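Here's the structure we're looking at; comments come further down.
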There are 2 protein chains.
Amino acid sequence: MQTLEDLFGKCPYATAQKILSGKWTLMIIHALVSEPLRFNELQRQLPDMTQTTLTRQLRALEDYGIVNRTVYAQIPPKVEYKLTDIGMDFKQVLMSLEHWGDKYIDYHNQRAPL
Amino acid sequence: MQTLEDLFGKCPYATAQKILSGKWTLMIIHALVSEPLRFNELQRQLPDMTQTTLTRQLRALEDYGIVNRTVYAQIPPKVEYKLTDIGMDFKQVLMSLEHWGDKYIDYHNQRAPL
DNA sequence: CGGTATCCTATCGGATACTG
DNA sequence: CAGTATCCGATAGGATACCG
């Protein structure tokens, strides 16, 4: 049987779905769109995510070629995360997603306000 | 501690992330963008997904207000799935996602052809 | 035709403790 | 500062069998 993984690298939706499957992926990419950030800067922007999970998702994004990790050889350590070119291209998706998300939120708050 | 769920309905990214978290969500929405489909038409377009899973993800999308389910009282049964208005609005996201996905695939096939 | 009902497994994310 | 090493529980998805 063909799986989703087999479609990775072939179908743009399956590919995107797999890359974005991490629970915090969208928010990590969003945080990095405006500027490169150090590990703890990312942590501060995503306070609800544990350190372990942040590390894991960053590694995954690195493997997918979305994020670049630069280690500066100094004490104390400094590690900087920035989007790759293709990662930066994702900004367009993020913008339409934000637009839609806001509309969705408005739409639903009208009938079931929190 | 605040969780992702608390951000649902507030942050557009967290909201979108949650809605799109289903493994086949993007492909289901994509299949429904062009026209409403019956259950087994969806199955045929998504042959790699089990019936159980298709049902579950459709129910989830229905709960989120993305998909509308219409049951026609006839024998044999006919059930039609179509996108709601806000579901249709997602088409813009899908288009930018497709564009990015194709670019991503091209980009990666150049250095690591399958 | 369009599902349910179960069961089972893999993976993922959270919690906690420790480290160069 | 930026991790790693473990362990654990939740849950999502697949497989299979059956139903109105």
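As the structure is a prediction and not an experimental result, all values here were calculated from the model. Here is how names work: the chains are called A, B, and so on, in the same order as the sequence lines, proteins then strands, and each is numbered from 1.
In this model, the phosphate group of C:dC1 is not approached by any side-chain N or O of B:Tyr81 to a distance below 4.0 Å at OP1 or OP2. Checking the phosphate oxygens (OP1, OP2) of D:dA2, a side-chain nitrogen or oxygen of A:Arg38 falls inside 4.0 Å. Between B:Thr53 and the phosphate of D:dG14, there is a side-chain N or O to OP1/OP2 separation shorter than 4.0 Å. Residue B:Lys23 places none of its side-chain N or O atoms closer than 4.0 Å to OP1 or OP2 of C:dT11.
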Check nucleotides 4-8 of chain D for protein N or O atoms closer than 3.5 Å to its own N or O atoms and list the pairs.
residue	atom	partner	partner atom	Å
D:dT4	OP1	A:Arg59	NH2	3.4
D:dA5	N6	A:Thr52	OG1	3.3

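Residues meeting the side chain to side chain donor-acceptor pair (under 3.5 Å) test with B:Gln45, sequence neighbours left out: none. In this structure, B:Ser21 has no side chain to side chain donor-acceptor pair (under 3.5 Å) partners at least two apart in sequence or on a different chain. Residues satisfying the side chain to side chain donor-acceptor pair (under 3.5 Å) criterion with A:Tyr13, sequence neighbours excluded, are B:Glu98. Applying the ring pair (Phe, Tyr, Trp, His ring centres under 6.0 Å) rule to A:Tyr81 yields no partners; only residues at least two apart in sequence or on another chain are considered.
Listed by first and then second residue, the ring-ring contact (aromatic ring centres under 6.0 Å, His included) pairs involving residues 37-73 of chain A are A:Phe8-A:Tyr64 (not counting sequence neighbours).
One can place NZ of A:Lys78 at 9 Å from P of D:dA2, the figure rounded to the nearest angstrom. Atom C1' of nucleotide D:dA12 and atom NZ of B:Lys18 are separated by 11 Å, given to the nearest angstrom. Protein atom CD of A:Gln17 is 14 Å distant from nucleotide atom P of D:dA12, rounded to whole Å. If you measure from atom OH of B:Tyr72 to atom P of D:dG20, you get 25 Å, rounded to the nearest angstrom. Atom CG in B:Leu54 sits roughly 17 Å away from atom P in C:dA5 (whole-Å rounding). Straight-line distance from the CZ atom of B:Phe39 to the P atom of D:dC19: 18 Å, rounded to whole Å. With rounding to whole Å, A:Leu58 atom CG is found 12 Å from C:dG13 atom P. Here the P atom of nucleotide D:dG13 and the CG atom of B:Asp48 are 14 Å apart, to the nearest Å.
We find the CG-CG distance between B:Leu58 and B:Leu42 to be 6.0 Å, quoted to the nearest 0.5 Å.
Distances were taken from every side-chain heavy atom of B:Gln57 (C-beta onward) to each of C:dC1, C:dG20, D:dG13; the shortest belongs to D:dG13.
Base engagement by B:Pro77 is indicated by at least one non-hydrogen atom pair under 4.0 Å involving a base atom.
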Please evaluate residues B:Thr84 and B:Val67 with respect to the criterion side-chain contact (heavy atoms from CB on, under 4.5 Å), reporting the C-alpha separation (whole Å), side-chain torsions for both, the decisive distance (0.1 Å), and the verdict. CA-CA 5 Å; B:Thr84 59; B:Val67 161; 5.8 Å; no
